[in-house]
**Student:** 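Sharing a structure here in structure tokens format.
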Amino acid sequence: MPSVGVKLYSVFFKFLLKHRLQNRIQSSGDESSSDPFGVTTRPEESVAAPNPLFTDGVATKDIHIDPLTSLSVRIFLPESALTPLEPSTSAAGVHSESRRNSYGCTATGSSSPEAGSSSDVYRGYSPSSSGGNSRKLPVMLQFHGGGWVSGSNDSVANDFFCRRMAKHCDIIVLAVGYRLAPENRYPAAYEDGFKVLKWLGKQANLAECNKSMGNSRRTGGEAKKSEVNKHIVDAFGASLVEPWLATHADPSRCVLLGVSCGANIADYVARKAIEVGQNLDPVKVVAQVLMYPFFIGSVPTQSEIKQANSYFYDKAMCILAWKLFLSEEEFSLDHPAANPLVPGRGPPLKFMPPTLTIVAEHDWMRDRAIAYSEELRKVNVDAPVLEYKDAVHEFATLDILLRTPQAQACAEDIAIWVKKYISLRGHEFSY
């Protein structure tokens, strides 16, 4: 059973959550509450500021990727990305250390292009201009939880979790700041998730185009460096290559990871990636991790009956969250966004990527997540389930539980499984 402290905190948590949900239901009837631009965080959320220095082994920065909405990502770059491809000499270690601790312009890192004075100097990590010997890391798109109406990609808890995953999996994490309900109802959050995946592919193509343009201009010997690094104009307007991703990201090894309702988004993004196929090149979704997904249905499972009043997120409050997420006309517990077992959800399950499902013993949503995993295994998809005893919903991502041995073990288990699909040939892990 969960500890007394967890039980007490659960009571307090549920009281606050119920109050916030009811307030948002009352305000959602007001047309002014609808906002196409949207919000990605709430005033009551404790957020962590981005830190572009490797102070704890991971550097972070925020990118607003859609001028028409509030959609954003926080990039988590592990320090291992600075390791040269062939660290055969001691000079390589000095090279890495120089960039890691740099402030402003150094011999190996480039300063911000807009730096006009000492007060404007970018004080974080900047890749070297060549990037030819840089190590490429796989990419993980992470979707936070919060029952559609709360949570954020830059919250203190989510920042801690993403840093942990970046270091454990040796991967670049893009934490997605999707639009929240009720200001933006379904399918806004789902579309935001897929938009980030397309943005990742666009970044890879722009980086390759920029590299080719730079090489051709260097051959001509007439172009200035500022011209080589200028914006590339595409069909959607001017787009600037993101240097961390251009230098260190390998989008052909992309993993999706969703927490609670974020797992529903991850599953949707995986399905959309299958539908569009090669149009996403060079992005390839090689695996997904569904952490205690926010699934529900009109016909209750055994866990939904026996544990409807379980810790932190009980069934009644989750139904309120679904009412805020789905429009009144669309609301149904068997909506394709809510129930993965309803017929007609394309594409066929046999095309889904390998899927690891994390469930907790004291979570009323566990049985439906397990049933979905079983359906995947029936069509020969690698879809293991890891169930954690005495655990509650969000046991590995909730702020007060992040530092527990169980949360640490979960992160390690995820890393072991994910590395089967992101490791380069010859370095695979068995599971």
Side-chain angles (χ1 to χ4, degrees), residues 1-14 17 142-148 150-151 155 157-158 160-162 164-165 168 256-267 288-297 300-319 321-322 338-341 355-377 383-418:
M1 293 293 290
S3 67
V4 174
V6 170
K7 292 179 180 179
L8 290 175
Y9 187 78
S10 174
V11 174
F12 175 71
F13 181 93
K14 289 165 74 170
L17 180 61
Q142 188 264 357
F143 306 95
H144 66 81
W148 307 121
S150 61
S155 70
N158 200 66
F160 182 93
F161 173 75
C162 289
R164 173 179 279 172
M165 295 311 303
H168 277 59
L256 308 176
L257 184 147
V259 175
S260 190
C261 66
N264 298 42
I265 300 176
D267 191 63
Q288 68 170 340
V289 180
L290 308 181
M291 300 183 69
Y292 20 84
F294 208 64
F295 295 151
I296 197 171
T301 63
Q302 285 297 310
S303 63
E304 290 173 1
I305 296 172
K306 294 181 178 180
Q307 303 188 60
N309 195 33
S310 57
Y311 304 97
F312 294 100
Y313 295 89
D314 61 40
K315 187 174 181 179
M317 283 193 294
C318 290
I319 291 176
W322 278 108
N339 189 351
L341 303 178
T355 302
L356 172 64
T357 302
I358 305 294
V359 296
E361 180 183 10
H362 300 291
D363 181 3
W364 65 267
M365 292 176 267
R366 61 182 291 278
D367 281 1
R368 201 172 300 273
I370 294 173
Y372 180 49
S373 183
E374 289 173 351
E375 292 300 312
L376 291 172
R377 289 197 297 275
V385 175
L386 295 182
E387 180 176 1
Y388 293 80
K389 299 298 181 183
D390 296 327
V392 299
H393 191 80
E394 288 220 48
F395 72 91
T397 46
L398 204 62
D399 50 4
I400 69 161
L401 302 175
L402 274 169
R403 290 173 172 80
T404 62
Q406 206 168 33
Q408 174 68 23
C410 180
E412 293 172 356
D413 291 340
I414 291 172
I416 292 171
W417 185 81
V418 163

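In this chain, numbering begins with 1 at the start of the sequence shown. Both backbone and side-chain heavy atoms feed into the values below; hydrogens, waters and symmetry mates do not.
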**Student:** Give the minimum heavy-atom separation between Ala338 and Trp322, together with the two atoms involved.
**Tutor:**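 Scanning both residues completely, I find the closest heavy atoms to be CA-CH2, 3.5 Å.
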**Student:** Out of Glu304, Glu387, Gln302, which residue meets the side chain to side chain donor-acceptor pair (under 3.5 Å) rule with Arg366?
**Tutor:**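 Result for side chain to side chain donor-acceptor pair (under 3.5 Å) with Arg366: Glu387.
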**Student:** How far does CG of Leu256 sit from CG of Asp267, to the nearest 0.5 angstrom?
**Tutor:** 9.0 Å
**Student:** Mind checking the CE-CG spacing from Met291 to Leu257? Nearest 0.5 Å is all I need.
**Tutor:**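 Met291 atom CE to Leu257 atom CG measures 6.0 Å (nearest 0.5 Å).
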**Student:** Less than 4.5 Å apart, any side-chain heavy atom of His362 and any of Phe395?
**Tutor:** no
**Student:** The criterion is ring pair (Phe, Tyr, Trp, His ring centres under 6.0 Å); which residues satisfy it with His393, sequence neighbours excluded?
**Tutor:**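 Residues passing ring pair (Phe, Tyr, Trp, His ring centres under 6.0 Å) with His393: Tyr292, Tyr313.
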**Student:** Give me the atom names and distance for the closest heavy-atom approach of Gly147 to Cys261.
**Tutor:** N-SG, 3.6 Å
**Student:** Can you pull out every side chain to side chain donor-acceptor pair (under 3.5 Å) where at least one residue sits in residues 3-12? Sequence neighbours excluded, please.
**Tutor:** none
**Student:** What is the distance from atom OG1 of Thr301 to atom CG of Leu341, rounded to the nearest 0.5 Å?
**Tutor:**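 Going from the OG1 atom of Thr301 to the CG atom of Leu341 covers 9.5 Å.
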**Student:** Can you tell me how far CE of Met317 sits from CD1 of Ile319, rounded to the nearest 0.5 angstrom?
**Tutor:** 11.5 Å
**Student:** So do the side chains of Trp417 and Val289 get within less than 4.5 Å of each other, counting heavy atoms only?
**Tutor:**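 Yes, at least one pair of side-chain atoms sits under 4.5 Å.
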**Student:** Is Val6 close to Phe312 at the side-chain level, that is, under 4.5 Å between some pair of heavy atoms?
**Tutor:** yes
**Student:** Could you report the tightest heavy-atom contact between Ser303 and Asp363, atom names first, then the distance?
**Tutor:** CB-O, 4.2 Å
**Student:** Find out whether Pro300 and Lys315 are in side-chain contact, i.e. whether some heavy atom of one side chain is under 4.5 Å from a heavy atom of the other.
**Tutor:**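 They are in side-chain contact.
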**Student:** Decide yes or no for Met365 and Ile296: does some side-chain heavy atom of the first lie under 4.5 Å from some side-chain heavy atom of the second?
**Tutor:**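 No; the side chains remain at least 4.5 Å from each other.
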**Student:** Do Ile414 and His168 have side-chain heavy atoms sitting under 4.5 Å apart?
**Tutor:**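 Sidechains of His168 and Ile414: no contact.
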**Student:** Looking at every non-hydrogen atom in both residues, tell me the closest pair between Ala409 and Tyr388 and how far apart they are.
**Tutor:** O-OH, 4.4 Å
**Student:** Nearest heavy-atom pair of Trp148 and Ala321: which atoms, and what distance?
**Tutor:**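 Distance-wise, the nearest heavy atoms are CD1-O, 4.0 Å.
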**Student:** Measuring from atom OH of Tyr311 to atom CZ of Phe13, what distance do you get when rounded to the nearest 0.5 angstrom?
**Tutor:** 15.0 Å
**Student:** Whether the side chain of Ser150 engages the backbone of Gly146 through a donor-acceptor N/O pair (distance < 3.5 Å, no angle test) should be reported.
**Tutor:** yes
**Student:** Could you check whether any side-chain heavy atom of Pro293 comes within less than 4.5 Å of a side-chain heavy atom of Tyr372, counting everything from C-beta outward?
**Tutor:** no
**Student:** Can you tell me how far apart NE2 (His144) and CD (Glu394) are? Round to the nearest 0.5 Å.
**Tutor:** 10.5 Å
**Student:** Should Val392 and Gln406 count as side-chain neighbours, where that means a heavy-atom distance under 4.5 Å?
**Tutor:** no
**Student:** So which heavy atom on Arg164 is nearest to which on Ala411, and how close?
**Tutor:** CD-CB, 3.5 Å
**Student:** Out of the candidates Leu290, Ile370, Thr355, Ile358, only one should pair with Val385 under the side chain to side chain contact (heavy atoms under 4.5 Å, CB included) rule; please name it.
**Tutor:** Ile370
